[in-house]
Number of protein chains: 2
Amino acid sequence: MSQNQILQSLIAENLVSDPNGARGRLLKEAARLFREKGYERTTVRDLAAAVGIQSGSLFHHFRTKEEILKAVMVETIGLNTALMQAAMEAADTPKDKLRALVRAELESINGQTGEAMAVLVFEWRSLSADSQADVLELRDIYEALWLDVLGALRDQGRLLAEPFVVRRMLTGALSWTVTWYRPERGGLTLDGLTDQVMAMLGFPATS
Amino acid sequence: MSQNQILQSLIAENLVSDPNGARGRLLKEAARLFREKGYERTTVRDLAAAVGIQSGSLFHHFRTKEEILKAVMVETIGLNTALMQAAMEAADTPKDKLRALVRAELESINGQTGEAMAVLVFEWRSLSADSQADVLELRDIYEALWLDVLGALRDQGRLLAEPFVVRRMLTGALSWTVTWYRPERGGLTLDGLTDQVMAMLGFPATS
DNA sequence: CAATACCAAGCAAGCGCTTGGTTTGTAAAC
DNA sequence: GTTTACAAACCAAGCGCTTGCTTGGTATTG
């Protein structure tokens, strides 16, 4: 399944809003603004202006501003869990699976859903405690994917550190790329960056 | 020189405010609040209450709220650059120097200056563009420390990835520990965590 | 002819910051 | 050793503005 096919099926299941619909367009703009200025600095007037409506009209679609932030996060996690699963199924060995996961996460962070991923990382504290708990539950699902693969590599003796520590280090390292990695201005492609991450972990590039 | 001696000499040079003085106490509380609630969610009334003065009185010490954030960052970078330099000078081989840097950064992030370090990472966007440029200049000084050491390891053939990529990955990975690493509740000590990071990079624990 | 989507207007609360005046610490002058 | 001088530190009050959100009404759509 291609990335677009996955997206389509999630839309069909109503797990992700259609980006052409009113709700989907708003969430996309919200992700952009939240990333650019941060949640707190983004006003409901900013959000409304971005989709061309009055600020009060927002509250027809969402009850509170926080609900918008939460929706961005929930949909992003849903989409990415599906993408990770698909990426992993296409690979055979644990090493290849790890590479697939790293590449998929880098793609999520630096690709089309990048804005939403950055929001997920940097605006976490702006969620209420209740919402944090809800979102955390969803995150655990795809963290398990990583731990399985890293555990297998550890059993093979090809990973010297603890899987759960490595996963957390990778979470930080890969998320952080959003602050510096700029594929458009020359140098490192996404595959090149993936190779660098693998090399850092002691897995030389295959090509 | 011990960590405390370094701090004392920086205070003497007026590069860091005395934490017993009014300004130093405010900056310490500011770091705590900024980390806990984020810069935007922290009001000048919160800051004032934390040190037991009226909100208006803050502006006798700082011209704007942003100046407080900037001061936290500038002083933190200054202190940490000194700590890193000291840690590195005590080590001989590139590998030992890398370990010293990793350990020192983990200590900064998770120790006494941890709150300020977290602010440095997560509240970056809340600085004005001008202030960002000022702070960035200071950061470059200690980034150079890392690149030197990583470059030496690369030359030795003990590092497969590019130094500048590894440094950026480590920045993310080590910063991220602030969100999950809790030394107090059992398990991993700071040295243990340092070992894990080194192991992840392909350097088995020495002990 | 509902239901959905929106607008225009504005409210109450909270924000960063200013103001004019008072207290406190310090050190020289008597 | 009390008095005088003065700046630094602080308070009490509140200004002007922005914030998230509400309200009552009007288009639009199936």
Side-chain angles (χ1 to χ4, degrees), chain A residues 11 14 17-73 119 123-132, chain B residues 11 14 17-73 119 123-132:
Chain A
I11 292 172
N14 247 340
S17 308
D18 186 343
N20 298 320
R23 184 185 155 98
R25 268 201 358 263
L26 174 63
L27 289 181
K28 198 173 138 77
E29 290 298 318
R32 215 198 74 231
L33 286 166
F34 289 162
R35 169 177 169 188
E36 191 180 306
K37 320 205 292 176
Y39 173 77
E40 305 289 345
R41 291 180 105 94
T42 304
T43 69
V44 292
R45 288 166 180 80
D46 291 337
L47 292 169
V51 290
I53 61 175
Q54 291 298 106
S55 68
S57 306
L58 274 186
F59 296 89
H60 181 71
H61 300 279
F62 298 89
R63 269 174 312 183
T64 64
K65 183 186 166 192
E66 199 215 330
E67 203 173 284
I68 300 175
L69 176 61
K70 186 174 174 179
V72 168
M73 292 187 173
V119 169
E123 306 302 332
W124 184 252
R125 274 173 325 181
S126 295
L127 275 186
S128 70
D130 285 352
S131 298
Q132 280 189 18
Chain B
I11 292 172
N14 247 339
S17 308
D18 186 344
N20 298 318
R23 183 185 155 98
R25 271 203 350 269
L26 174 62
L27 289 182
K28 200 174 136 77
E29 290 297 317
R32 215 197 73 233
L33 287 166
F34 288 163
R35 171 181 165 184
E36 192 181 307
K37 320 204 291 177
Y39 172 77
E40 305 289 346
R41 291 180 105 92
T42 303
T43 68
V44 291
R45 288 166 179 81
D46 291 336
L47 292 169
V51 291
I53 60 175
Q54 291 297 106
S55 67
S57 307
L58 273 187
F59 296 89
H60 181 70
H61 301 279
F62 298 89
R63 270 175 309 185
T64 63
K65 183 186 167 192
E66 198 215 332
E67 203 173 282
I68 300 175
L69 176 61
K70 186 174 174 181
V72 168
M73 293 187 173
V119 169
E123 306 301 333
W124 183 252
R125 273 175 325 182
S126 295
L127 276 186
S128 70
D130 284 352
S131 298
Q132 280 189 17

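Below, chain A is the first sequence line, B the second, and so on; all start at residue 1.
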Please confirm whether any donor atom in the side chain of Arg45(B) sits under 3.5 Å from an acceptor in the base of dG16(C), or the reverse. yes
Non-hydrogen atoms of Val51(A) and Arg25(A) that approach each other most closely: O-NH2, 3.8 Å
What do you reckon, is CZ of Arg41(A) surrounded by more than 12 foreign heavy atoms closer than 6.0 Å? yes
Let's see if you can work this out: which of dG20(D), dC7(C), dA9(D) has an atom nearest to the side-chain heavy atoms of His61(B)? dA9(D)
According to a strict under-4.0 Å criterion, is Ser57(A) in side-chain N/O contact with OP1 or OP2 of dA5(C)? no
Can you tell me which nucleotide in dA8(C), dC17(C), dC11(D) comes closest to the side chain of Phe59(B)? dC17(C)
From CD of Glu40(A) across to P of dC15(C) the rounded distance in Å is 11 Å
Carboxylate-amine/guanidinium proximity below 4.0 Å for Glu67(B) and Arg23(B): no
Starting at atom CG of Leu58(A), determine the distance to atom P of dA8(C), rounded to an integer number of angstrom. 15 Å
Which is true for Ser55(A) with a 4.0 Å heavy-atom rule: it touches a base, it touches only sugar-phosphate, or it touches nothing? base
side-chain N/O His60(A) vs dC6(C) OP1/OP2, d < 4.0 Å: no
Backbone N or O of Glu66(B) within a donor-acceptor pair of the Tyr39(B) side chain at under 3.5 Å? yes
Quick one: Gln54(A) CD to dA9(C) C1', roughly how many Å, whole number? 10 Å
